[in-house]
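Below is one structure, written out as structure tokens; the observations come after it.
A, B, ... follow the sequence lines: proteins, then strands. Residue 1 opens every chain.
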2 protein chains.
Amino acid sequence: MVPGSATLSAGHRQILSAISREGPRSRTELAGLLGLSKASISGLVRDLLEQNILCEQELIFGIGRPSVSLAVRADAASFIGISLQQDPAVLLLTDLHGTVHARLELPRLSDPDEAVESLANGIQSLKKEGGDAADRLSGIGIALPGFVSRDRLTCITSTAHGWKNVNIGTALAERTGLPTWVENDANALILGEELFGPLRGSPDFSMLFVSHGIGCAHIVNGRLLRGNSGGAGEISHAPVAIDGFGALPCRCGNKGCLETVSSLLAIGNAARRAELPTDIAELADLAAAGQPDALSILHQAGSAMGIATAQLIQMLDPSHVVVMLDHTLHDSVFGHALMNEAESHILHRTGVKTMIHFRDFAPEGFAAGAASLAARYFIFGPEAG
Amino acid sequence: MVPGSATLSAGHRQILSAISREGPRSRTELAGLLGLSKASISGLVRDLLEQNILCEQELIFGIGRPSVSLAVRADAASFIGISLQQDPAVLLLTDLHGTVHARLELPRLSDPDEAVESLANGIQSLKKEGGDAADRLSGIGIALPGFVSRDRLTCITSTAHGWKNVNIGTALAERTGLPTWVENDANALILGEELFGPLRGSPDFSMLFVSHGIGCAHIVNGRLLRGNSGGAGEISHAPVAIDGFGALPCRCGNKGCLETVSSLLAIGNAARRAELPTDIAELADLAAAGQPDALSILHQAGSAMGIATAQLIQMLDPSHVVVMLDHTLHDSVFGHALMNEAESHILHRTGVKTMIHFRDFAPEGFAAGAASLAARYFIFGPEAG
DNA sequence: GCAAGATGGTTTACCCTCTAAAAAAACCAG
DNA sequence: CTGGTTTTTTTAGAGGGTAAACCATCTTGC
């Protein structure tokens with residue numbers, strides 16, 4: 001059997017995904033976990049070992065014969081992840097564990113043809129830089145702000161790029177010869193977290209990020225929540241301007257939307273109106289030093305995020321909400337207001353509590369998530385979520 | 001093979017659920033639909049015909065040999081559905097198509113033992129009344145307001161009943177000898193809709209109802225959204241008191257929750273404060289006649305529902321939202337305010353629109369949903385979602 | 001009316017996957 | 001070393017699936 005042409009059966013994929021979720025397991029453990037017989041596991045594992053997808057790791061000594069723990073080989077496949085979430089674009093080369101082996105930044109181009117050309121060249125550089133790690137390059141993922149078609153090839157709309165119905169997936173696949181998946185930035189982020197991040201395997205959690213705009217995505221029943229038309233997760237236009245906030249008009253035509261208060265763009269605009277620096281770190285410093293306008297702007301922004309988070313928690317009951325924020329905002333009035341407002345608007349039940357975590361905002365997260373799209377296909381096959 | 005002891009394989013259930021979803025189909029259509037060979041379908045269908053679960057319905061004439069459409073036999077099984085959503089409790093006897101064959105009302109008792117006894121006796125009466133339709137009684141479903149354990153047997157908390165950790169499922173199952181499932185009222189309602197209602201098979205929709213309290217549930221990716229701790233769908237405490245509304249204190253400790261404005265209880269309270277009749281029909285009549293306070297109360301209640309609906313639509317992107325309302329409210333200021341407010345807070349995209357439907361509020365819906373819990377088990381087997 | 005063509009359903013032979021049970025392997029304890 | 005224990009492999013067989021040929025039953029065109 002040719003190593004690259006992995007024709008994996010459903011049984012193989014069950015094992016692969018179980019180990020990739022739960023970490024290294026022995027054959028017998030897998031049998032119990034998957035409800036298959038030891039005989040089946042044995043045969044399936046043999047195939048996966050032959051194909052260099054799994055490896056026998058260490059012996060675990062107990063009472064009888066020691067069990068050998070089986071792990072997914074990191075070098076079984078590698079992937080390219082591209083984030084077009086911000087300018088510059090970030091390209092990563094990752095392995096099957098999600099580890100990054102090479103990194104590249106490129107200017108984010110608006111013209112689709114030029115963008116494809118630039119990305120394809122970037123991928124070539126990554127392959128060189130990655131060396132051995134790029135051996136079994138198996139796919140490309142692209143994360144971008146905007147809506148993506150159901151087949152995950154075409155960007156339907158992206159205001160950031162000015163794109164409408166740009167089939168960048170097929171274009172890049174043809175240019176590079178590698179299967180390519182396109183995904184909304186927030187969706188890519190949470191899918192990466194679900195496959196490789198600390199919350200890997202959690203069936204119900206949400207992620208939010210505060211950037212130029214505000215993004216959000218949900219894992220529900222263990223799967224990405226897309227909604228009827230792929231628009232699930234949109235939280236930017238949640239009505240949050242409650243009593244005491246001035247409701248600003250939004251580009252969507254309404255007033256009091258979340259993104260008119262809490263996005264970095266909105267915060268910058270408010271700072272400019274108050275004749276304060278628009279840089280978020282400087283603003284956070286001023287707030288920490290007690291500057292009243294800075295405090296007010298960030299408090300308002302954080303509170304609005306808190307209300308939206310509370311709405312989210314009430315409606316979806318996730319186990320965790322991860323909020324990706326510029327690190328200067330974590331331990332600031334923004335972060336505290338977010339936490340307080342969220343806490344106070346959640347109906348508490350005994351023994352049940354959604355954890356809200358802050359995490360640093362970094363463009364790498366989107367690129368890693370994009371890479372995980374291709375990894376997901378490698379692991380789960382055509383029926384990947 | 002004993003007809004009652006249906007030991008159905010995954011293949012059998014695939015066929016059963018496909019027909020139950022999509023309506024009557026021929027063998028060849030099923031083969032295409034399920035991706036199985038005609039040979040497999042033929043064998044599986046034979047078993048189901050022998051067990052009197054399917055029947056050959058009509059010949060459909062085309063160019064070649066006519067196809068025989070296969071339908072699920074309504075009398076293949078029957079189910080009891082119990083709604084404890086309101087007082088009185090409603091009990092229904094339904095068949096496998098969701099058709100009601102007998103109906104009974106009972107006082108809703110607070111004492112768990114008495115409630116089980118009363119329900120068990122009620123089920124006996126239903127069986128007599130149902131006659132032939134009760135022949136293959138296969139299970140019981142119970143819908144109640146409150147939280148239900150993960151195994152769907154125990155009511156964890158229900159303020160309406162004053163219950164805490166009442167294992168009514170096991171109790172009724174032991175008393176009647178029939179498998180029993182317990183479910184939150186809103187969840188039962190939407191599961192019934194998903195299996196038997198007009199939106200049957202839709203993978204992404206939500207239902208809301210306005211009763212004494214406000215309930216909500218979501219179908220997402222074709223499955224019920226339960227959340228991490230079974231609390232998904234809670235919308236009663238969504239923060240909706242935006243500028244211009246007075247934010248009333250809520251029993252949950254916050255202010256401005258949806259249920260402080262839009263529930264029938266809240267509407268009644270507001271009416272009493274305004275020295276108006278608390279009956280919802282009378283209030284709607286007064287509003288229709290132009291009484292200012294009645295107009296204001298219902299407008300505010302409807303607007304708040306509209307905002308909550310908009311939050312829901314933005315976050316989940318459902319294809320439909322069904323709002324169950326007292327019929328006097330549909331074409332009233334309440335209904336219009338709901339629609340307007342929802343419309344105005346949704347970010348519109350071209351070609352994409354969530355349909356909002358009103359439907360009559362009736363306790364039968366909850367009982368039918370409860371019955372569908374047992375039907376779901378019959379059709380989908382132990383892995384029923 | 002009757003062959004030709006088209007389509008639906010069934011039968012047959014076979015393959016693949018999974019299972020149960022026995023056997024083999026690998027370790028610990030005395 | 002021997003017996004006990006647990007993991008893994010081997011082996012024989014059952015179950016569920018398929019492809020392909022076959023049969024059944026209609027419409028259509030002459």
Side-chain angles (χ1 to χ4, degrees), chain A residues 1 5-19 22-51 53-72 380-383, chain B residues 1 5-19 22-51 53-72 380-383:
Chain A
M1 166 147 353
S5 74
T7 47
L8 301 181
S9 75
H12 294 125
R13 296 202 183 281
Q14 267 192 80
I15 292 180
L16 194 48
S17 55
I19 297 184
E22 317 258 338
R25 294 287 139 129
S26 75
R27 291 168 175 84
T28 307
E29 284 174 314
L30 285 171
L33 213 59
L34 303 177
L36 294 179
S37 69
K38 293 195 254 181
S40 307
I41 300 290
S42 210
L44 295 168
V45 164
R46 191 192 352 264
D47 300 341
L48 292 170
L49 289 172
E50 271 171 17
Q51 291 190 39
I53 294 175
L54 292 186
C55 60
E56 299 192 325
Q57 214 173 26
E58 45 173 352
L59 291 174
I60 293 168
F61 294 89
I63 295 207
R65 175 173 172 174
S67 58
V68 294
S69 74
L70 301 158
V72 176
F380 300 109
E383 290 102 48
Chain B
M1 170 152 342
S5 76
T7 47
L8 301 180
S9 75
H12 294 124
R13 297 202 182 281
Q14 267 192 84
I15 292 180
L16 192 49
S17 56
I19 297 183
E22 317 258 339
R25 293 288 139 131
S26 74
R27 290 171 176 80
T28 307
E29 284 174 312
L30 285 171
L33 212 59
L34 303 178
L36 295 180
S37 68
K38 291 197 284 179
S40 306
I41 299 288
S42 213
L44 294 168
V45 164
R46 188 187 358 257
D47 299 341
L48 292 170
L49 289 173
E50 272 170 18
Q51 292 190 39
I53 293 175
L54 293 185
C55 61
E56 298 192 325
Q57 211 174 29
E58 46 173 352
L59 291 174
I60 293 167
F61 295 88
I63 295 207
R65 172 175 172 175
S67 58
V68 293
S69 73
L70 300 159
V72 175
F380 300 109
E383 289 102 49

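If you measure from atom CD1 of A:Ile41 to atom P of C:dA21, you get 18 Å, rounded to the nearest angstrom. At whole-Å resolution of the value, CD1 in A:Ile60 and C1' in C:dC28 are 17 Å apart. B:Leu59 has its CG atom 7 Å from the P atom of D:dC26, to the nearest Å. Atom-to-atom, CZ of A:Phe61 to C1' of D:dT7 comes out at 12 Å; the value is rounded to the nearest Å. Counting to the nearest Å, the C1' atom of C:dG9 and the CD atom of B:Glu29 are 13 Å from each other. The CG-P distance, from A:Asp47 to C:dC18, rounds to 10 Å in whole Å. C:dG9 atom C1' lies 10 Å from atom CD of B:Glu56, rounded to whole Å. As a whole-Å value, the separation of A:Leu54 CG from D:dT8 P is 13 Å.
Looking at the side chain of A:Ser67, the nearest of the listed nucleotides D:dT10, C:dA26, D:dT7 is D:dT7. Which of C:dT17, D:dT10, C:dT11 sits closest to the side chain of A:Ser42 comes down to D:dT10. Of the candidate nucleotides D:dT25, C:dC27, C:dT12, D:dT25 has the atom nearest to the side chain of B:Arg65. Closest to the side chain of A:Leu44, out of C:dC27, C:dC18, D:dT9, is C:dC18. In the set D:dA19, C:dG9, C:dC27, D:dA19 carries the atom at the smallest distance from any side-chain atom of B:Ser37.
The shortest distance between side-chain heavy atoms of A:Leu48 and A:Val72 does not fall below 4.5 Å. A:Arg27 has its side chain within reach of A:Glu56: a pair of non-hydrogen atoms, C-beta onward, lies under 4.5 Å apart.
Within the nucleic acid shown, B:Leu36 comes within 4.0 Å of sugar-phosphate atoms alone, with no base atom in reach, counting heavy atoms only. Within 4.0 Å (heavy atoms only), B:Val45 reaches no atom of the nucleic acid at all.
Residue A:Arg25 places no side-chain N or O under 4.0 Å from the OP1 or OP2 atom of D:dT7. Residue A:Thr28 places at least one side-chain N or O under 4.0 Å from the OP1 or OP2 atom of D:dT8. When the side-chain nitrogen and oxygen atoms of B:Ser40 are compared with OP1 and OP2 of D:dG16, none of them lie within a distance under 4.0 Å. Between A:Arg27 and D:dT6, a side-chain N or O to OP1/OP2 separation shorter than 4.0 Å is absent.
For the pairing with A:Ile15, the side chain to side chain contact (heavy atoms under 4.5 Å, CB included) check across A:Val45, A:Leu70, A:Ile53 returns one residue only, A:Val45.
If you find the closest nucleotide of DNA chain C to A:Lys38 and to A:Pro66, the one lying nearer the 5' end belongs to A:Lys38.
Heavy-atom minimum distance, A:Leu49 versus A:Cys55: CD2-CA, 3.7 Å.
Taken from CG in B:Leu34 to CZ in B:Arg25, the straight-line distance is 10.5 Å, to the nearest 0.5 Å.
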